[in-house]
Amino acid sequence: MADQVRPVVLLVARVAIGVIFLVHGYQKFVTIGIEGTTEFFESVGIPLAALAAPAVAATEVAGGLALIAGAALPLAGSLLALNMIGAIVFVHGESGFSAGDGGYEFVLALAAASLAVGFSGGGAFALDNVRLRRRGAAAVIA
């Protein structure tokens with residue numbers, strides 16, 4: 001039974017985590033704006049904040065979309081996890097563990113989930129799996 005449900009569970013996890021990142025990146029571009037994000041990054045001591053702000057926003061949007069689509073999962077998962085490690089180091093770490101106190105609990109969960117999904121194979125409807133099946137079919141034909 002677990003083997004039958006696994007692809008759907010991975011799909012749900014992939015989409016849920018992808019949506020979280022997509023929304024957070026979108027907020028940095030639109031709601032807060034890159035200028036506001038840059039100001040915040042400067043206030044917490046992130047180096048090269050003017051470069052980091054659009055890079056982080058783009059990583060969250062592109063990484064979120066990649067997770068949702070199931071494309072380039074190991075790369076997307078790794079970049080998003082690194083992004084969250086940066087959030088722990090520069091923003092949430094000094095507040096302790098509890099997310100309720102501004103701590104790193106949620107950010108750590110997102111980092112771990114990004115890696116887990118990124119290296120899971122993606123489950124149902126993952127574009128990475130479609131490419132692998134096509135490559136396998138081409139190898140059989142050749």
Side-chain angles (χ1 to χ4, degrees), residues 1-139 142:
M1 170 105 173
D3 287 342
Q4 294 170 332
V5 187
R6 185 175 189 268
V8 176
V9 170
L10 289 172
L11 168 67
V12 170
R14 208 180 73 225
V15 170
I17 296 161
V19 167
I20 291 168
F21 278 108
L22 178 61
V23 169
H24 280 264
Y26 175 83
Q27 289 173 332
K28 286 175 180 69
F29 276 120
V30 178
T31 308
I32 301 165
I34 291 300
E35 190 173 301
T37 302
T38 300
E39 289 173 12
F40 173 73
F41 280 16
E42 287 170 345
S43 76
V44 295
I46 294 175
L48 302 170
L51 295 174
V56 165
T59 298
E60 290 176 353
V61 168
L65 289 171
L67 291 186
I68 292 166
L73 288 172
L75 177 62
S78 297
L79 289 175
L80 291 169
L82 287 171
N83 189 19
M84 293 298 93
I85 291 168
I88 291 169
V89 169
F90 289 103
V91 181
H92 299 281
E94 66 185 31
S95 297
F97 182 74
S98 178
D101 296 328
Y104 60 88
E105 177 181 13
F106 178 62
V107 180
L108 179 62
L110 285 175
S114 297
L115 288 173
V117 168
F119 290 91
S120 70
F125 308 113
L127 290 179
D128 284 352
N129 291 336
V130 171
R131 281 197 331 248
L132 287 175
R133 278 183 287 218
R134 285 187 184 156
R135 253 192 246 155

Trainee: Does atom CG of L48 have more than 12 heavy-atom neighbours, drawn from other residues, nucleotides or ligands, at distances under 6.0 Å?
Mentor: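 Open.
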Trainee: Looking at every heavy atom in both A53 and T38, which two are closest together, and how far apart are they?
Mentor: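 That would be CB-OG1, 3.3 Å.
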Trainee: Is there a side-chain contact between T59 and L80 in this structure, where contact means two heavy atoms from C-beta onward sitting under 4.5 Å apart?
Mentor: yes
Trainee: How would you list all residue pairs meeting ring pair (Phe, Tyr, Trp, His ring centres under 6.0 Å) that involve residues 18-59, not counting sequence neighbours?
Mentor: none
Trainee: Nearest 0.5 Å, please: how far is CG in L82 from CG in L115?
Mentor: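 CG of L82 is found 8.0 Å from CG of L115.
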Trainee: Identify the heavy atoms of A50 and P54 that sit nearest to each other, and give their distance.
Mentor: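 A50 and P54 have their closest heavy atoms at O-CD, 3.1 Å.
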Trainee: Can you name the nearest heavy-atom pair linking A49 to E42, along with the distance?
Mentor: CB-CG, 3.4 Å
Trainee: Please report the closest heavy-atom contact between I34 and A57, naming both atoms and the distance.
Mentor: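 Smallest interatomic distance, heavy atoms only, reads CD1-CB, 4.0 Å.
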Trainee: Is a donor on one side and an acceptor on the other found under 3.5 Å between the side chain of N129 and the backbone of G123?
Mentor: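 Confirmed, N129 side chain pairs with G123 backbone.
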Trainee: Return the CZ to OG distance between F119 and S114, rounded to the nearest 0.5 Å.
Mentor: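 Atom-to-atom, F119:CZ and S114:OG are 11.0 Å apart.
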Trainee: Has T37 got a side-chain atom pairing as donor or acceptor with K28's backbone, closer than 3.5 angstrom?
Mentor: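 Looks like yes, one N/O pair under 3.5 Å.
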Trainee: For a quick test of reading the model, state the closest non-hydrogen atom pair linking R14 to A126 and the distance between them.
Mentor: NH1-CB, 3.6 Å
Trainee: Which atom pair, heavy atoms only, marks the closest approach of G63 to A76?
Mentor: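 It is O-CB, 4.2 Å.
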Trainee: Rounded to the nearest 0.5 Å, what's the gap from CG on L110 to CD on E105? Could you check?
Mentor: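 One finds 11.0 Å between CG of L110 and CD of E105.
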Trainee: Measure the spacing between CG of L51 and CD1 of I46 and express it to the nearest 0.5 Å.
Mentor: 12.0 Å
Trainee: Give, for atom CG of D128 and atom CG of L73, the distance between the pair rounded to the nearest 0.5 Å.
Mentor: 4.5 Å
Trainee: Sequence neighbours left out, what pairs pass ring pair (Phe, Tyr, Trp, His ring centres under 6.0 Å) with at least one residue falling in residues 76-97?
Mentor: F97-Y104
Trainee: Determine, stepwise, if the pair V15 / F125 fulfils side chain to side chain contact (heavy atoms under 4.5 Å, CB included).
Mentor: CA-CA 11 Å; V15 170; F125 308 113; over 6 Å; no
Trainee: To the nearest 0.5 angstrom, please state how far the CD1 atom of I88 sits from the CG atom of N83.
Mentor: 10.5 Å
